[in-house]
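Just below is one structure, and these are the notes that go with it.
We name chains A, B, ... by the order of the sequence lines, and we start the count at 1 in each one. Because the structure is a prediction, the values reported are computed rather than measured.
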There are 2 protein chains.
Amino acid sequence: MALSQSLEDYLEQILITKMEKGVVRVKDIVERLGVSSASVVGALQHLEKDGLVRHERYGYIELTEKGKKRARCVYSKHSAIMRFFTDVLGIPPEVAESDACSFEHFISPLCFQRMLLFMRFALEGKKPAWLEEFHRFIEKSGKGNGKKTERKLKGGRC
Amino acid sequence: MALSQSLEDYLEQILITKMEKGVVRVKDIVERLGVSSASVVGALQHLEKDGLVRHERYGYIELTEKGKKRARCVYSKHSAIMRFFTDVLGIPPEVAESDACSFEHFISPLCFQRMLLFMRFALEGKKPAWLEEFHRFIEKSGKGNGKKTERKLKGGRC
DNA sequence: TAAAAAAGTTAGGGGAGGCTAAAATATGGC
DNA sequence: GCCATATTTTAGCCTCCCCTAACTTTTTTA
């Protein structure tokens with residue numbers, strides 16, 4: 001059963017709110033996703049029809065078993081991609097977070113599996129010498145500090 | 001000037017067709033993107049209004065300088081992401097292609113820059129021992145061959 | 001406990017970006 | 001040169017997903 005990127009986001013935020021607060025209301029999702037409450041209600045109706053969510057009028061939002069499974073699937077991708085970006089590529093959490101938010105919806109199973117494999121290879125146990133070296137390599141290439149990066153971006157293709 | 005994912009795709013395919021065939025017609029884009037010709041015409045009108053494309057009725061499609069720049073920007077991201085997936089993560093080209101097609105629209109400048117840096121670090125010159133080792137690691141984890149992977153996917157989270 | 005505030009819902013609308021069907025224009029075969 | 005076919009364009013429609021405004025229900029507060 002396919003789900004749009006948008007509905008996956010709702011599902012994921014319901015899961016996260018549940019984990020953080022214990023209960024989930026429309027308002028929580030409004031705040032987390034920055035959409036109107038009307039949009040949240042609309043999405044909930046759709047998710048309820050698909051059997052992913054339970055929601056009584058004016059009550060709490062609950063994930064069904066099916067919904068929980070789907071939400072965890074999205075969230076686990078999010079977390080893994082996030083970790084790959086921060087721990088391997090050395091990207092600061094805020095940026096990694098926003099990239100992960102997009103990629104989680106599109107990444108293929110194989111690509112996801114390879115990222116996991118790469119992390120098992122590179123991050124399990126002691127940090128290997130080559131990864132240390134790469135992180136020093138980042139430092140060196142970024143020294144300047146602001147000026148150089150700025151010029152680079154202007155001169156480059158993108 | 002922001003451009004939707006969809007319009008970036010049109011722009012990119014115009015560039016690629018131009019490179020491969022020398023001239024670009026509506027039909028080429030219809031075939032490459034798998035959309036109707038009406039959709040292509042609609043997109044062209046939008047791109048023309050933004051000064052990214054020139055197009056006379058029933059004639060060839062041309063990129064303006066501005067359009068070329070934008071298209072190259074998307075395409076260069078596509079190529080780099082593609083290369084990262086195939087050469088670092090060892091993902092087969094068809095899968096990498098499809099992942100790159102999504103990521104190219106969302107990747108942040110910093111994340112893109114780090115991928116480039118990682119490739120310079122890992123792929124410039126002779127293939128380093130640790131990368132060789134990772135690629136053997138993939139082989140090992142994937143031996144089985146179909147059966148094992150199948151079971152793994154079923155048992156796993158996603 | 002009644003009024004005010006907050007939260008949730010419904011109704012209606014708009015833009016983006018697809019589609020089909022039909023009309024207009026170009027092109028190739030005879 | 002003329003007709004058949006291919007290509008392009010227009011018109012009109014649909015879905016998705018967001019919005020605002022108005023209304024209902026719940027919660028808080030005086």
Q: Summarise how protein sits on nucleotides 3-11 of chain C as a single string, 5' to 3': B when a protein heavy atom is under 4.0 Å from the base, S for sugar-phosphate-only contact, - for no contact.
A: ----SSBBB

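- Just one residue in the list A/Phe134, A/Phe85, A/Phe137 forms a ring-ring contact (aromatic ring centres under 6.0 Å, His included) with B/Phe118, and that residue is A/Phe134.
- Only A/Ser6, A/Tyr10, listed by number, bring a heavy atom of residues 6-17 of chain A to less than 4.0 angstrom from any atom of DNA chain D.
- The side-chain heavy atoms of A/Val53 and A/Leu11, taken from C-beta on, include a pair separated by under 4.5 Å.
- Listed by chain and residue number, A/Gln5, B/Ser102, B/Phe103, B/Phe106 satisfy the side-chain contact (heavy atoms from CB on, under 4.5 Å) test with A/Phe106 (two or more places apart in sequence, or in another chain).
- For B/Gln45, the side-chain contact (heavy atoms from CB on, under 4.5 Å) partners at least two apart in sequence or on another chain are B/Val41.
- When rounded to the nearest whole Å, the span between CG of B/Leu47 and P of C/dG17 equals 10 Å.
- Nucleotide C/dG18 holds its P atom 13 Å from the CD1 atom of B/Ile29, rounded to whole Å.
- Here B/Arg57 pairs with nothing under the side-chain contact (heavy atoms from CB on, under 4.5 Å) rule; sequence neighbours left out.
- The backbone N or O of A/Arg25 lies less than 3.5 Å from a partner atom in the side chain of A/Asp28, making a donor-acceptor pair.
- OP1 or OP2 of D/dC18 has not a single side-chain nitrogen or oxygen of A/Ser36 nearer than 4.0 Å.
- The hydrophobic cluster containing B/Ile81 also contains A/Leu110, counting ILVMFWY residues as joined when their side-chain heavy atoms lie under 4.5 angstrom apart, directly or transitively.
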Q) Between B/Lys18 and B/Leu63, does a side-chain contact (heavy atoms from CB on, under 4.5 Å) hold up when you go through it step by step? A) CA-CA 9 Å; B/Lys18 176 80 179 183; B/Leu63 291 170; 5.7 Å; no

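- The interatomic distance linking B/Lys49 (NZ) with C/dG17 (C1') rounds to 13 Å, in whole Å.
- Over its length, the helix from C/dT1-D/dA30 to C/dC30-D/dG1 turns its helix axis by 10°, as judged from the five terminal pairs at each end, rounded to 10°.
- Between B/Glu65 and B/Lys69, no side-chain nitrogen of the basic residue sits less than 4.0 Å from a carboxylate oxygen of the acidic one, so the salt-bridge criterion is not met.
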Q.
Test side-chain contact (heavy atoms from CB on, under 4.5 Å) on B/Arg70 and B/Glu8; report intermediate values, then the result.
A. CA-CA 8 Å; B/Arg70 199 74 166 73; B/Glu8 279 188 352; 3.2 Å; yes

